[in-house]
Amino acid sequence: MWQPENNVEKDRKEKLDRLRANGIEAYPHTSSRTHSIADAIAAFEAVEGPDPEHGASEAVLVTVAGRVMSHRPQGKSSWAHIEDATGRVQVWVKQDAVGEDAHRMFDDDLDLFDFIEVTGTMMRTRRGEVTVLAESVRLLAKSLSPLPVVKERKLDDGTVERYGGFTDPEERYRQRYADLAVNLEVREIFRARARTIRALRDFFDGDGFLEVETPILQPIYGGAAARPFTTHHNQLKQELYLRISFELYLKRLLVGGIDAVYEIGRDFRNEGVDRTHNPEFTQIEFYKAYIDYHGVMAISERMLKFVANAVLGTDQVVFQGSTIDLSKPWERVTLRDAIREMSGIDYAQYPDAESLARVMQEKGKRPDPGSTWGKLVDSLLGTDVQPHLIQPTFITEYPRDISPLAKMKPDDPMHVERFEFFIGGMEMGNAFTEINDPLDQEQRFLDMGRLYAADSEETHPVDDDYLRAMRYGMPPNGGFGMGVDRLVMLLTDTPNIREVLLFPALRPRDE
RNA sequence: GGGGGCGUAGCUCAGCGGCAGAGCAGGAGCCUUUUAAGCUCUUGGCCGGGGGUUCGAAUCCCUCCGCCCUCACCA
């Protein structure tokens, strides 16, 4: 059974006991609220006369409910602010209006962060603030543990000075409920996140795509280069993997006659955790028949512009001090040109892992000794190119051996028709012209097994069912995947993925 | 996993070899238009855990745990 751990909790528990001793229900089942706080303020302002001293043309009687965010007992005339999801309003509790007992309860037994319900008429104070003048006050829920107090003061020059607050990232992530309760701007991030996902759905639904849901628990994982989480089904006596991508299931649906398909959902990758990586993250993938990666680029540009306008009302996005312009066609650079320009290495002149690693070392880099050629190229992209890609940029034409699901470029055995796109120095998404030749796909799977023999953790099992589906006939198509969390980071100007996840992955801590 | 930083009251922080501190929150009192309300008084600490150095450790050293930054792997 919970026991108070500090003075604040001890005092609050005593207040709770005192309230109950006086026959007051501290946790009533419901509220008789008549107005949200925003609605109450709007109703008052609609009838308010020009002279604040004379109040409104008619009395606006409301019952509002919310959490006590400031509490200023002041003799026989006491003040508080209460907040609900729509806003914040001041309440004025005068002893001669509510009676001696209710006023004493308000002053002595109420705490910051309690939930209360206030019935009264709306008015405006001499200082100009819309206020509920209470006729009665009722406790809706007692708060026993104190939330961090945030106080603000407007300085003479108009800036807002903050006192205290709840800023320790670890505590904010571990106790997100307290973070949300106290930090308004955190709530706004998650509203923007919801708008982002809604805008993505609006875009694809309006573009003739069908939204689907495919298995998260999969007997064979695939579609990306990542280590999976494993689990087990007891009755089926089956090892299962949490999906690392949707790709192979969504493309089966193209075989089934669904020409344009998308999914928004969670992927799970058993990899490192950092500023832009969480073990579970939200991805959107789409596949569309009868287009190639050029068609996918056109959709990508249109989609990002649509989403930014829907979420922010503009296609000029400020991210970490840079203004990112989503209104224009994006820069398109081949991976080879980008790396040659930024690192001085033309990887085409070093067509095997050994020679490429040697030249990288000569340039003062530290290539991972076990890497394949394609992975070395990818590491050059990450270290030398990506940080410079602030404005939206398509990097195109990727090495074959790190792209086992992408179609070859005609007349270029080294490259496939693939692009990744970058905004704000972040890798946002990945797309390609999808292989639809079942025999080519099978050969590519087998080649991957050879390439990664030294790196067995990333060796993917061959998905025979996927190959069978493709043998029935798959239309030519382009596919696309994008990290939704990173898109939300971009749109909310947030440099850390944990700030856009309600409950990010953290190590357990002994309490 | 490597490197760097941080961990002190409910919250935000100072103190960095010599009595454990401040503001806010909390408690008592005064106060019927306040809004960081104010004034007086006041409670509250395994200074992240463990070990060591020292006459003496929040402070120096070692170690463990957690978070942040960074590099590596990845989206």
Side-chain angles (χ1 to χ4, degrees), chain A residues 4-12 14-15 52-53 69-81 88 90-97 103 107-108 111-113 123-129 131 133 145-155 160-174 178 182 224-227 244-245 267 269-279 281-285 366-368 370-371 375 378-379 382-383 386 420-422 426-430 455 457-458 481-487 495-498 506-511:
Chain A
E5 288 180 4
N6 55 58
N7 272 359
V8 180
E9 290 182 345
K10 192 164 145 285
D11 289 330
R12 289 184 174 206
E14 282 168 7
K15 288 175 184 177
E53 286 293 314
M69 297 305 287
S70 78
H71 183 226
R72 304 191 294 281
Q74 191 177 294
K76 298 186 178 64
S77 171
S78 304
W79 304 82
H81 279 92
R88 196 179 272 216
Q90 180 167 256
V91 300
W92 186 12
V93 181
K94 294 165 79 171
Q95 192 192 75
D96 54 14
H103 185 265
D107 270 17
D108 294 345
D111 286 297
L112 278 176
F113 316 123
M123 45 96 55
R124 192 178 286 275
T125 63
R126 254 178 232 163
R127 301 285 288 270
E129 182 163 355
T131 298
L133 178 57
S145 298
L147 283 165
V149 177
V150 182
K151 284 196 167 189
E152 291 181 350
R153 177 174 62 162
K154 278 213 179 76
L155 300 176
V160 174
E161 191 175 355
R162 275 197 144 192
Y163 296 80
F166 187 46
T167 56
D168 179 44
E170 178 175 0
E171 285 310 315
R172 287 181 45 238
Y173 301 148
R174 286 189 195 279
V182 155
R227 282 179 286 173
I244 59 173
S245 87
D267 269 343
R269 297 190 183 173
N270 209 336
E271 308 272 359
V273 174
D274 66 25
R275 204 175 77 253
T276 55
H277 298 263
N278 196 66
F281 64 103
T282 299
Q283 169 118 275
I284 181 163
E285 291 189 22
R366 297 176 288 128
D368 185 3
S371 282
K375 292 198 127 196
D378 200 43
S379 79
T383 56
Q386 178 175 336
E420 294 184 306
F421 68 100
F422 298 81
M426 287 187 288
E427 181 182 341
M428 300 293 297
N430 179 26
D455 193 0
E457 275 177 330
E458 292 197 1
M482 176 175 68
V484 172
D485 312 283
R486 290 183 183 175
L487 177 60
N496 192 321
I497 197 169
R498 288 179 162 173
L506 295 172
R507 284 192 172 79
R509 189 176 58 177
D510 296 334
E511 297 285 348

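Please read these numbers as outputs of a predicted model, since none were measured by experiment. Letters A, B, ... mirror the listed sequences (proteins, then strands); counts begin at 1.
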Can a side-chain donor-acceptor contact be found between A:S77 and A:W92 if the only test is distance below 3.5 angstrom?
yes
Is any side-chain nitrogen or oxygen of A:R275 closer than 4.0 Å to OP1 or OP2 of B:C68?
no
Rounded to whole Å, the CG-P distance (A:D274 to B:U70) equals 9 Å
Taking the same atom, C1', in B:U12 and in B:G4, what whole-Å distance lies between them?
25 Å
Distance check, C1' atoms only: B:C46 and B:C65, in whole angstrom units.
16 Å
Toward the 5' end of RNA chain B, which comes first, A:Y173 or A:Q283, by nearest nucleotide?
A:Y173
Options B:U34, B:U32, B:C73, nucleotide nearest the side-chain atoms of A:E271
B:C73
Is any side-chain nitrogen or oxygen of A:R72 closer than 4.0 Å to OP1 or OP2 of B:A37?
yes
Presence of donor-acceptor pair under 3.5 Å, side chain of A:Q74 and base of B:U34:
no
Short side-chain N/O contact to B:G26 OP1/OP2 from A:K10, under 4.0 Å
no
Do the side-chain N and O atoms of A:R72 and A:Q90 include a donor-acceptor pair separated by under 3.5 angstrom?
yes
Contact pattern, 5' to 3', of nucleotides 2-15 of chain B - B, S or - by protein heavy atom under 4.0 Å
--------SSS---
Base, sugar-phosphate alone, or nothing: which one does A:T383 contact when heavy atoms must sit under 4.0 Å apart?
sugar-phosphate
Protein-nucleotide distance (A:D108, atom CG; B:G29, atom P), rounded to Å:
7 Å
At their closest point, which heavy atom of A:G128 faces which heavy atom of A:R124, and how far apart are they?
O-NH1, 2.8 Å
Once you round it to whole Å, what is the distance between P of B:A36 and NE2 of A:H81?
10 Å
Please measure how far the C1' atom in B:G48 lies from the corresponding atom in B:A58, and state the result in whole Å.
12 Å
What one should report as the nearest heavy-atom pair of A:F113 and A:R12 is CD1-NH2, 4.1 Å
Can you tell me how far P in B:G3 sits from the matching atom in B:G56, rounded to whole Å?
33 Å
Under a 4.0 Å N-O cut-off, is there an ion pair linking A:K15 with A:D111?
yes
Pair partner, B:C13 [Watson-Crick or wobble, under 3.5 Å]:
B:G21
Between NZ of A:K151 and C1' of B:G38 the distance, given in whole Å, is 11 Å
Taking the same atom, C1', in B:U33 and in B:C16, what whole-Å distance lies between them?
48 Å
Which residue lies more 5' along RNA chain B, comparing A:D107 with A:I497 via nearest heavy atoms
A:D107
On a heavy-atom basis, which atom in A:R275 and which in A:P495 lie closest, and how many Å separate them?
CG-O, 3.1 Å
Closest non-hydrogen atoms of A:I497 and A:D274, given as atom of the first, atom of the second and distance, are CG2-O, 3.9 Å
With respect to the side chain of A:R498, which nucleotide from B:A72, B:U33, B:C68 is positioned closest?
B:C68
Checking side-chain contact (heavy atoms from CB on, under 4.5 Å) for the pair A:D267/A:R269: CA distance, chi angles, key distance, verdict?
CA-CA 7 Å; A:D267 269 343; A:R269 297 190 183 173; 4.0 Å; yes
Is the distance from OP1 or OP2 of B:C65 to the nearest side-chain N or O of A:R507 less than 4.0 Å?
no
In whole Å, I'd like the distance from the NZ atom of A:K15 to the C1' atom of B:A28.
12 Å
Closest to the side chain of A:K76, out of B:U32, B:U34, B:C73, is B:U32
Between A:G481 and A:E285, which heavy-atom pair has the shortest distance, and what is it?
CA-CG, 3.9 Å
Nearest-Å distance, CG (A:D111) to C1' (B:C24)?
15 Å
Which one, B:U33, B:A72, B:G27, comes nearest to the side chain of A:T125?
B:U33
Interatomic distance at C1', B:A20 relative to B:C67, whole Å
25 Å
I'd like to know if A:Q90 reaches the base of B:U34 with its side chain such that a donor and an acceptor end up less than 3.5 angstrom apart.
yes
Please confirm whether any donor atom in the side chain of A:R127 sits under 3.5 Å from an acceptor in the base of B:U33, or the reverse.
no
Strictly by Watson-Crick or wobble contacts shorter than 3.5 Å, is anything paired with B:C6, and which nucleotide is it?
B:G66
Starting at atom CZ of A:R172, determine the distance to atom P of B:C68, rounded to an integer number of angstrom.
11 Å
Could you tell me whether the side chain of A:S77 has a donor or acceptor atom within less than 3.5 Å of a complementary atom in the base of B:U33?
no
Pairing partner of B:G26, by Watson-Crick or G-U wobble and under 3.5 Å for both distances, is B:U42
Rounding to an integer number of angstrom, what distance separates B:U35 and B:C41 when you compare their C1' atoms?
25 Å
To the nearest Å, give me how far apart CG (A:N496) and C1' (B:C68) are.
9 Å
Whether A:E271 and A:R227 form a salt bridge (side-chain N of Lys/Arg under 4.0 Å from carboxylate O of Asp/Glu) is what I want to check.
yes
Whole-Å P distance, B:U59 and B:A9:
15 Å
